[in-house]
Amino acid sequence: MARQVAQFVLLLAVLCESGGQSTTSVDSRCVYTFNVPASECGQTPESNTDVEVVKSVAVGLQAQIKQLVNEVKQLRDDNVKMKQQLAGRKPGGASGDGRKAPSGGVVYVRWGRKTCPGNATLLYSEACGGSYYSHKGGGANYQCLPRDPQWGEHTDGLKSGTYIYGAEYQMPTANSPFLKTNYAGNLLNNNVPCAVCHVTERHVKVMIPARKQCPVGWTREYRGYLTTSHYSTEYKKVFECMDEAPEVIEGAGGRQGGAWFYTVEGDCGYTLPCPNYIEGWALTCVVCTK
């Protein structure tokens with residue numbers, strides 16, 4: 001196209017040079033349009049040839065410019081569609097075992113259960129873990145550990161000074177608010193399972209303490225009771241929402257220590273907004289997505 005533009009400019013220069021030697025006035029229509037008959041422009045047969053060449057080149061340029069405009073419009077439309085498709089998505093990639101990671105949606109942990117609710121996809125499930133309840137250091141959060149760990153470089157024996165342990169329920173039957181739908185026995189000292197769940201249709205999540213229902217427009221994934229470590233332990237744990245109908249890991253109970261889960265109760269002796277909160281009652285919780 002650049003070559004054709006150069007040819008067009010060259011022809012115009014030639015015509016301007018020859019036109020400068022003529023004393024004949026030229027109708028402005030003959031200069032700015034290409035559809036005026038040569039007979040009306042006072043052109044000689046010799047000049048007609050040059051003008052027709054210029055017209056031909058100009059027509060060709062107009063067609064190519066129109067095509068380029070259409071292509072730019074198409075690229076702009078494609079760009080808008082791509083932005084709309086990417087809107088709301090989170091970065092995706094490949095996991096360590098080569099599987100493609102989810103490109104959108106939201107991930108949450110369902111504490112106390114081995115499966116995911118509704119249309120959520122189970123990424124993995126196994127046991128809760130955390131720092132030992134009487135240690136002064138270590139991690140402050142609970143972890144949902146996969147069934148089959150993948151190891152890197154290692155040497156045998158304990159040497160790092162920081163360890164992870166299994167987690168146990170610390171809710172005796174006498175004051176446990178949990179349903180017995182999935183386990184009819186005493187939760188006390190049984191190991192806690194967990195499930196990591198992925199929902200593709202929604203993109204944000206929130207755990208709301210002291211509520212059983214989600215706000216309008218949000219979807220409830222599960223509900224239960226607020227849990228964390230005991231107030232007298234050497235370190236603090238984060239608050240997690242334990243499913244209202246918990247399960248246990250069979251054959252792994254018996255007060256072995258590790259990380260502990262206690263239900264959380266309101267204490268009205270300080271700044272808690274009572275009487276809305278009732279002293280001694282276990283706080284509920286709900287996990288919502290949108």
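Counting begins at 1 with the first residue of the sequence. Keep in mind that what you see is a predicted model, and the values were worked out from it rather than measured.
Contact record, Y169 with P193: OH-CD, 3.6 Å, taken as the closest heavy-atom pair. For the pair Y183 and N186, the tightest heavy-atom approach, listed with the atom from each and the gap, is CE2-O, 3.5 Å. Smallest separation of non-hydrogen atoms from R220 and R223: NH1-NH1, 3.0 Å. The heavy-atom pair separating L187 from M171 by the smallest distance is CB-O, 4.0 Å. Smallest separation of non-hydrogen atoms from C268 and Y277: SG-O, 3.4 Å. The shortest heavy-atom contact between I208 and C288 is CD1-SG, 4.2 Å.
Hydrophobic clustering (ILVMFWY, side-chain heavy atoms < 4.5 Å, transitive): F239 and F178 are in one cluster. Both V264 and L272 belong to a common hydrophobic cluster when Ile, Leu, Val, Met, Phe, Trp and Tyr are linked at side-chain heavy-atom distances under 4.5 angstrom. Taking hydrophobic clusters as Ile, Leu, Val, Met, Phe, Trp and Tyr residues chained together by side-chain heavy-atom distances below 4.5 Å, Y231 does not share a cluster with L226. There is no path of hydrophobic side-chain contacts, each under 4.5 Å, that joins I164 to V192.
For the pair N70 (side chain) and K66 (backbone), a donor-acceptor distance under 3.5 Å is present. With hydrogens and angles ignored, the 3.5 Å screen pairs a side-chain donor or acceptor of K159 with a backbone N or O of D156. Panel note: side chain T228, backbone V238; a donor-acceptor pair is recorded below 3.5 Å. With Y222 contributing its side chain and C241 its backbone, the two residues share a donor-acceptor pair below 3.5 Å. Here the side chain of K114 pairs a donor or acceptor atom with the backbone of V248 at under 3.5 angstrom.
Using a 4.5 Å heavy-atom threshold, the side chains of T263 and W281 count as separate. Taking the side chain as every heavy atom from C-beta outward, N190 and E168 never approach each other to under 4.5 Å. A heavy-atom distance below 4.5 Å is not found between the side chains of L283 and Y225. When side chains are defined from C-beta on, H135 counts as touching Y165, because their heavy atoms get closer than 4.5 Å. By the 4.5 Å heavy-atom criterion applied to side chains, C285 and R211 are not counted as neighbours. Looking only at side-chain heavy atoms (C-beta outward), L122 and T115 stay at 4.5 Å or farther from each other. Side-chain contact between V287 and R110 is absent, with no heavy atoms from C-beta onward closer than 4.5 Å. At least one side-chain heavy atom of Q170 sits less than 4.5 Å from a side-chain heavy atom of Y262.
A distance of 10.0 Å separates NZ in K73 from CG in D78, rounded to the nearest 0.5 Å. Rounded to the nearest 0.5 angstrom, S125 OG and I249 CD1 are separated by 9.0 Å. Rounded to the nearest 0.5 angstrom, C116 SG and L123 CG are separated by 7.0 Å. The CD atom of E279 sits 7.0 Å away from atom SG of C274, with the distance rounded to the nearest 0.5 Å. Here CD of E240 is found 10.0 Å from SG of C194. Values are rounded to the nearest 0.5 Å. Put simply, OG1 on T181 and CD on E247 are 10.5 Å apart, with the number rounded to the nearest 0.5 Å.
Summarising the local packing, NZ of K180 is surrounded by more than 12 heavy atoms from other residues, nucleotides or ligands at distances under 6.0 Å.
Taking the six-membered ring where the residue is Trp, W151 and H154 present tilted rings, their angle falling between 30° and 60°. In this structure, F261 and W111 have tilted ring planes: the angle between them lies in the 30° to 60° band. Between W260 and Y133, the ring-plane angle classifies as parallel under the 30° and 60° cut-offs.
Between R202 and E221 there is a salt bridge, since a side-chain N of the basic residue sits under 4.0 Å from a carboxylate O of the acidic one.
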Practice task
Could you go through the side chain to side chain contact (heavy atoms under 4.5 Å, CB included) check for R113 and N182 one step at a time?
Solution key: CA-CA 9 Å; R113 295 296 297 271; N182 297 309; 3.3 Å; yes
Practice task
Just do the side chain to side chain contact (heavy atoms under 4.5 Å, CB included) check on V199 and E201 with the steps written out, would you?
Solution key: CA-CA 6 Å; V199 182; E201 298 85 358; 3.4 Å; yes
Practice task
Output, in order, the C-alpha distance, side-chain angles, deciding distance and verdict of side chain to side chain contact (heavy atoms under 4.5 Å, CB included) for Y108 and C197.
Solution key: CA-CA 5 Å; Y108 63 88; C197 307; 3.6 Å; yes
